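One structure is given here, and the rest of the page talks about it.
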Amino acid sequence: MTANGTTANDRLSVAVLGPGGIGGLLAALLSRAGHRVICLAGDETARTLRTTGIRVRSGLFGDFTAEVEADTELREPVDACLITVKATALDTALTRVPPEALGDALVVPFLNGVEHPRPLRARYGADRVAPAAIRAESTRVAAGEIEHPSPFAEIDLTGDAVPDDRLASLAATLDSAGPTTRVLPDETAALWAKMSFLAPFALLTTRHALPLGDVRTVHREELTSVAEETAAVSRACGGPADPAQALARYDAFPPGTKSSMQRDAEAGRPLELDAIGGALLRAAQQHEVATPVTARLVGELRQAGH
């Protein structure tokens, strides 16, 4: 049961801040499952979504179109608000979600990095923020058009201060809509598990402008060093520390795989360099963990104008 008495099978109202690759996919899946979805975006995108809905092309979930509501700002209480913007756009995007409009909603950030829960809790309340991580490759090719080529979509949901029943209910809702969803009991471990995989992958593919297959062969030594440094920082912060597992996962991915940071660099978009590399170095400094290779990579990316 949620705090307002609904179960996972009831119709929920879900706001989605940033209906891009991930947000658009989740919005469409939740709408198709029978939930009310309100996408929050700029004027032009909101107008398009109200007119055409969201069209999804997915090998896993099929090709379908889902109707959604859309607005430039949240104007009424919802059960949950999924935050699916990039870290670089977070501060500006949050103006679309006034705390007083949320009601008792859970705020669910699907953001990279480990530092975002604190400012979100300061804005919305400690027991309302449930960080999430999703494993899926999903791209917004145009407003309201989503391509999901990966054969998986898996969500980890956590939140140390969130009541267990609320986490369980939201996880059941997401799971029944399509993505395999589980609740993880340790927020720090969940966030650092994602960071431990993402940071080496994002930094190396972006720095060398190469897909993962080339990075893991041509730049294997560098990839191994960053994986080991990231694992050491994770361990110091209370997270998992298994660089061999990260390397095994990289080896299992298709060779043409690119990180979202690399795709942003190719498109000339702002990079989440500070949310990923910067946050990693700040945590390393706080815990006095040496990260020379990671620091060099982040410095080179910053020098390159990122």
Side-chain angles (χ1 to χ4, degrees), residues 22 86-88 90 109-118 131-137 154 156 158 184 186-216 218-253 257-266 269-304 306:
I22 295 299
K86 292 291 183 80
T88 51
L90 180 61
F110 287 83
L111 287 163
N112 290 326
V114 294
E115 296 177 334
H116 56 275
R118 180 175 294 179
I134 184 168
R135 288 176 291 280
E137 184 182 358
E154 301 165 348
D156 291 338
T158 187
L184 298 183
D186 185 331
E187 179 179 318
T188 298
L191 290 172
W192 275 102
K194 180 181 179 182
M195 178 72 113
S196 295
F197 171 79
L198 177 63
F201 172 42
L203 295 174
L204 268 296
T205 54
T206 306
R207 169 64 183 85
H208 296 295
L210 291 171
L212 182 57
D214 291 329
V215 165
R216 71 191 179 206
V218 179
H219 300 282
R220 184 75 178 192
E221 184 177 344
E222 201 173 30
L223 179 64
T224 301
S225 295
V226 179
E228 290 173 346
E229 291 178 2
T230 305
V233 178
S234 176
R235 182 190 300 112
C237 293
D242 189 352
Q245 183 184 57
L247 290 167
R249 288 179 65 193
Y250 301 141
D251 288 339
F253 270 66
T257 302
K258 296 181 177 183
S259 67
S260 60
M261 184 188 287
Q262 180 184 3
R263 293 186 186 279
D264 286 340
E266 291 172 347
R269 294 187 291 262
L271 303 191
E272 294 184 298
L273 182 59
D274 188 64
I276 299 172
L280 180 58
L281 295 180
R282 285 188 288 274
Q285 184 176 27
Q286 179 184 350
H287 293 280
E288 299 182 340
V289 177
T291 53
V293 181
T294 304
R296 174 177 57 77
L297 284 170
V298 172
E300 289 170 353
L301 286 165
R302 286 175 173 159
Q303 266 193 330
H306 300 307

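Fair warning: this is a prediction, and the values are worked out from it, not measured in the lab. We number each residue from 1, following the sequence as shown.
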Residue list, side-chain hydrogen bond (donor to acceptor under 3.5 Å, both in side chains) with [X], at least two apart or on another chain:
| X | answer |
| --- | --- |
| Q285 | none |
| S259 | T205 |
| D251 | R220 |

task = Salt-bridge test for K258 and E266: reply yes if a basic N is under 4.0 Å from a carboxylate O, no otherwise.
result =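 Salt bridge present between K258 and E266.
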
Salt bridge (Lys or Arg N to Asp or Glu O under 4.0 Å) contacts touching residues 285-299 (sequence neighbours left out) =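 Pairs touching residues 285-299 that pass the test: E222-R296, R296-E300.
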
query = Quick one: side chain to side chain contact (heavy atoms under 4.5 Å, CB included) partners of E115, sequence neighbours excluded?
reply =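 By the side chain to side chain contact (heavy atoms under 4.5 Å, CB included) rule, E115 matches A279, R282.
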
key: Sidechain-backbone polar pair: E154 side chain, R135 backbone, donor-acceptor under 3.5 Å   =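 Such a contact is absent between E154 side chain and R135 backbone.
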
task = Please answer whether the main-chain N or O of L210 pairs with a side-chain N or O of Q262 as donor and acceptor at a distance below 3.5 Å.
result =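 Here the side-chain-to-backbone pair exists.
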
So which atom in [X] and which in [Y] form the shortest heavy-atom distance, rounded to 0.1 Å?
| X | Y | answer |
| --- | --- | --- |
| G277 | V298 | CA-CG2, 3.8 Å |
| A265 | L271 | N-CD2, 3.4 Å |
| L111 | A87 | CD2-N, 3.9 Å |
| R207 | L297 | CG-CD2, 3.5 Å |

inquiry  = If I take atom CG from residue L212 and atom CG from residue L204, how far apart are they, to the nearest 0.5 angstrom?
reply    = 9.0 Å

message = The criterion is ring-ring contact (aromatic ring centres under 6.0 Å, His included); which residues satisfy it with H287, sequence neighbours excluded?
response =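 H287: no ring-ring contact (aromatic ring centres under 6.0 Å, His included) contacts found.
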
remark   = H116 meets the ring-ring contact (aromatic ring centres under 6.0 Å, His included) criterion, sequence neighbours left out, with none

key: pair M261-L198: side-chain heavy atoms closer than 4.5 Å   =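 No - every pair of side-chain heavy atoms lies 4.5 Å or more apart.
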
inquiry  = Show me the pairs that pass side-chain hydrogen bond (donor to acceptor under 3.5 Å, both in side chains) and involve residues 226-250, at least two apart or across chains.
reply    =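 Qualifying pairs: E229-T294.
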
task = Mind jotting down which residue pairs meet the side-chain hydrogen bond (donor to acceptor under 3.5 Å, both in side chains) criterion with at least one end in residues 186-203? Sequence neighbours excluded, please.
result =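 Every side-chain hydrogen bond (donor to acceptor under 3.5 Å, both in side chains) pair that includes a residue of residues 186-203, provided the two are not neighbours, is N112-K194, R121-E187.
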
ask   = Parallel, tilted or perpendicular for H208 and H219, by the 30°/60° rule?
value = parallel

